[in-house]
Each structure stands twice: as structure tokens, then as C-alpha cells.
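Below: one structure, written as C-alpha cells.
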Protein chains: 2
Amino acid sequence: MRLTAKSEYGLIATIDLACNFGLGPVSAREISERREIPARFLEQLFVSLRRAGLVTAQRGARGGFKLSRDPEQITVLDVVEALEGPLETSVCDHERASGCGRSASCAASSVWSKATRALRDVFAETTLAELAGTQEAMDDRTSVV
Amino acid sequence: MRLTAKSEYGLIATIDLACNFGLGPVSAREISERREIPARFLEQLFVSLRRAGLVTAQRGARGGFKLSRDPEQITVLDVVEALEGPLETSVCDHERASGCGRSASCAASSVWSKATRALRDVFAETTLAELAGTQEAMDDRTSVV
DNA sequence: CGAATCCCTACAGGATGAGTCGTGTTTGGG
DNA sequence: CCCAAACACGACTCATCCTGTAGGGATTCG
């Protein structure tokens with residue numbers, strides 16, 4: 001499947017944007033400081049997120065990013081696939097699975113498919129709005145900013 | 001999660017053993033040829049599988065491997081964890097998730113936990129006996145050996 | 001005895017993940 | 001009007017790890 005730090009950071013960042021939805025744009029630097037994410041690395045992630053149409057960029061001073069849709073309309077799956085590529089191709093079902101007809105080595109591949117589907121379901125069910133809720137509760141409890 | 005070729009090959013190999021359960025031991029070379037898996041690489045996988053107690057080795061001429069339990073008593077999860085290590089630590093929930101109390105960056109981590117659980121459920125539900133069934137049907141259809 | 005087979009360790013090479021750097025472009029504000 | 005803040009893009013490094021190979025040793029059957 002290949003879930004890397006990109007997904008981790010990217011999700012944290014988009015949750016942060018969801019928390020600030022409706023207000024002005026939030027700069028990458030701000031998020032990187034607040035959530036302890038390497039700044040230049042985060043920048044790259046935002047490029048991918050923007051290209052996937054999930055966030056909108058505002059360049060120049062006082063610029064930043066905001067979600068381009070309502071947080072309820074963006075799922076974890078959207079974020080993950082924007083950053084890592086399509087889920088299907090990332091579990092184990094590559095060449096060998098398609099060589100099915102020949103070497104018949106694919107009773108195994110049915111398991112990977114099921115696994116991918118299960119993962120996809122979890123990700124598709126969870127929206128940023130939902131996570132923003134939990135996140136705000138957490139932030140409030142730890143320190144009132 | 002980190003699902004690599006080890007799991008792919010390992011599962012194919014153990015399914016093969018499940019198909020031959022009750023008969024004599026099957027050599028690594030035989031499986032490597034039948035399923036087109038690099039021989040020396042497969043050897044290594046069997047070492048891990050043996051250490052995990054999933055297979056039993058018979059050394060010497062006419063030796064080989066057999067499942068040490070009934071195929072219905074071995075799940076895909078057993079095989080995967082024997083080869084890749086515990087599932088929990090492999091999705092995304094490492095340090096950051098435990099630093100929860102401090103930087104409050106873990107609304108995200110709840111998603112990874114759910115994902116891991118979903119994956120684990122799929123793997124834990126599927127037994128080698130089940131897969132051996134499908135595999136035999138496939139092998140029969142492609143060529144009657 | 002000898003061939004087959006498993007057992008163990010080490011190692012190589014390539015991919016990729018994680019993160020940095022330099023530079024360019026846009027834009028709001030003093 | 002110009003500068004600083006901010007995004008945009010691509011190249012690049014560094015380490016890890018996946019994939020697979022190699023060589024030798026230990027067992028066991030015929």
C-alpha cells in the first residue's frame with residue numbers, strides 16, 4: 001500500500017485548513033510551525049494538493065492556502081491519493097496479478113484486492129470536517145491559544 | 001503498512017503448501033519453479049516462516065516444508081506478520097502518534113488506526129484453506145497436471 | 001559416500017522515501 | 001513603487017530498505 005509521511009503530513013495539514021475554513025488563507029509556514037512539519041517538505045505537498053484540486057493557493061504577501069471545497073466534501077481518500085497516487089496500484093497487485101492466466105499464481109491476489117477495498121472504504125468514509133472536529137477538541141484541551 | 005514482495009511470495013508459497021497438505025513435504029525448489037519465485041529468495045522466506053512456527057522443515061534429501069498446522073488454522077495475517085513484522089507499527093502510527101499529548105497532531109492518527117484495523121480484519125478472516133480452494137480451481141482450469 | 005535439501009550470514013545494487021536548496025514568480029502593504 | 005512575504009518548480013542529496021545473489025555449512029536419504 002505504501003502509506004508514507006506524505007499522507008501523514010498532508011492529512012495533518014488539510015485538517016488544519018479545515019479548522020480554519022471560512023477564514024482567510026493559511027500560509028504553509030504557519031502550518032509547518034504549528035504542526036511541526038518540515039517547511040520545505042510541506043510546500044511540496046501543497047503543490048500536489050493544489051494540482052489535485054483540493055486546495056487553492058493565494059500567492060504573495062498575506063497569501064496561503066485554503067480548501068477549495070467544503071471540508072465535508074473532502075475525504076481522507078482524496079488527500080491520500082493526491083499525495084501517493086491511486087490506492088489500487090499500491091498494495092501488491094502489480095504484474096504478477098495480471099499474469100494470472102499463465103502461472104495461476106493469483107489466489108493470493110484476491111486477498112490484496114480485498115485489503116485495498118477495505119482500506120479504501122475507511123478512507124472514503126472519513127471527511128476532513130469530521131477530523132477537524134476531533135482536532136479542535138484536542139487543541140482546546142491541551143492549551144487554550 | 002509496508003506490504004512487499006515478501007508477503008506476495010510468502011503467501012503464494014504457503015498456499016502451495018496448503019494445497020499439498022497431508023502429503024509429503026514440498027521442497028523450496030519445487031515451489032520456486034512451479035510459482036516462478038526466485039529460489040534463494042524463497043529460501044529466506046521459509047526461514048522466517050519456520051521461525052514463526054507456521055511451517056516445519058524436513059532437512060536432507062527428499063526433504064522440504066509442510067504447514068505445521070491445519071490450513072484452516074493459519075490466516076493470511078499469520079503469514080504477513082511472520083514476514084513483515086507486526087502490522088500495527090507499519091501503517092503510519094509511529095512517533096508522531098505517541099507525541100499526541102504535546103503537539104496535538106493526532107486527529108490524523110485515528111484514521112491510520114482504523115485503517116490498520118480494517119486491514120488486520122481482512123487478513124485475519126482469510127485462511128490458507130480457503131485460498132487453497134480457489135488456487136486448486138485455478139490450477140485445474142489452466143492445465144490439468 | 002554423495003546428492004539433495006535446508007540453514008545462516010554477508011553483501012550488492014537499485015529504488016524510493018525524506019528532506020534540502022536555489023531560484024523564480026506573484027502580490028499586498030508601507 | 002519597491003520590498004518582503006509567500007507560493008512554484010525542479011534538481012539534488014542522503015539514508016534506508018527492498019530484492020535478490022553468493023558461498024559455505026549442516027542433515028538426511030538412498
Of [range], the positions that come close to DNA chain C - non-hydrogen atoms, cut-off under 4.0 Å:
range	result
residues 20-32 of chain B	B/S27, B/A28, B/R29
residues 58-68 of chain B	B/Q58, B/R59, B/G60, B/A61, B/R62, B/G63, B/G64, B/F65
residues 50-57 of chain B	B/R50, B/R51, B/A57

Going 5' to 3' along DNA chain C, which are the first and last nucleotides with any atom under 4.0 Å from a heavy atom of chain B? C/dA4 to C/dA10
Paired with A/L67, the side chain to side chain contact (heavy atoms under 4.5 Å, CB included) test is passed by just one of A/V55, A/L49, A/V26, A/N20, namely A/V55
Taking side chain to side chain contact (heavy atoms under 4.5 Å, CB included) as the criterion, tell me which of B/L54, B/L45, B/V79 meets it with B/T14. B/V79
Keeping to residues at least two apart or across chains, list the salt bridge (Lys or Arg N to Asp or Glu O under 4.0 Å) pairs with something in [range].
range	answer
residues 11-25 of chain A	A/D16-A/R34, A/D16-A/R35
residues 61-75 of chain B	B/R69-B/D78
residues 41-59 of chain B	B/R40-B/E43

For residues [X] and [Y], determine if any side-chain heavy atom of one lies less than 4.5 Å from a side-chain heavy atom of the other.
X	Y	result
A/S110	B/L131	yes
A/F65	A/S27	no
A/F41	A/S32	no

Output all residues satisfying ring-ring contact (aromatic ring centres under 6.0 Å, His included) with A/F21, sequence neighbours left out; order by chain, then residue number. none
Show each protein N/O and nucleotides 11-21 of chain D N/O combination with a separation under 3.5 Å, one pair to a line.
residue	atom	partner	partner atom	Å
D/dA11	N6	A/Q44	NE2	3.3
D/dT19	OP1	B/A5	N	3.2
D/dT19	OP2	B/T4	OG1	3.1
D/dT19	OP2	B/A5	N	3.0
D/dG20	OP2	B/Y9	OH	3.2
D/dT21	O4	B/Q44	NE2	2.5

For B/Q73, side chain to side chain donor-acceptor pair (under 3.5 Å) partners two or more places apart: none
Results of side chain to side chain donor-acceptor pair (under 3.5 Å) for A/E81 - residues two or more places apart only: A/R120
Might you point out which heavy atoms bring B/T127 and B/P71 nearest each other, and give the distance in Å? CB-O, 3.8 Å
I'd like to know whether B/T75 forms a side-chain hydrogen bond (donor to acceptor under 3.5 Å, both in side chains) with B/E125, so could you lay out the CA-CA distance, the side-chain angles of the two residues, the decisive distance to 0.1 Å, and finally the verdict. CA-CA 7 Å; B/T75 71; B/E125 278 169 6; over 6 Å; no
In terms of hydrophobic clusters joined by side-chain contacts under 4.5 Å, are A/V80 and A/V47 together? no
What residues form a side-chain contact (heavy atoms from CB on, under 4.5 Å) with A/A13, not counting sequence neighbours? A/I31, A/L42, A/F46
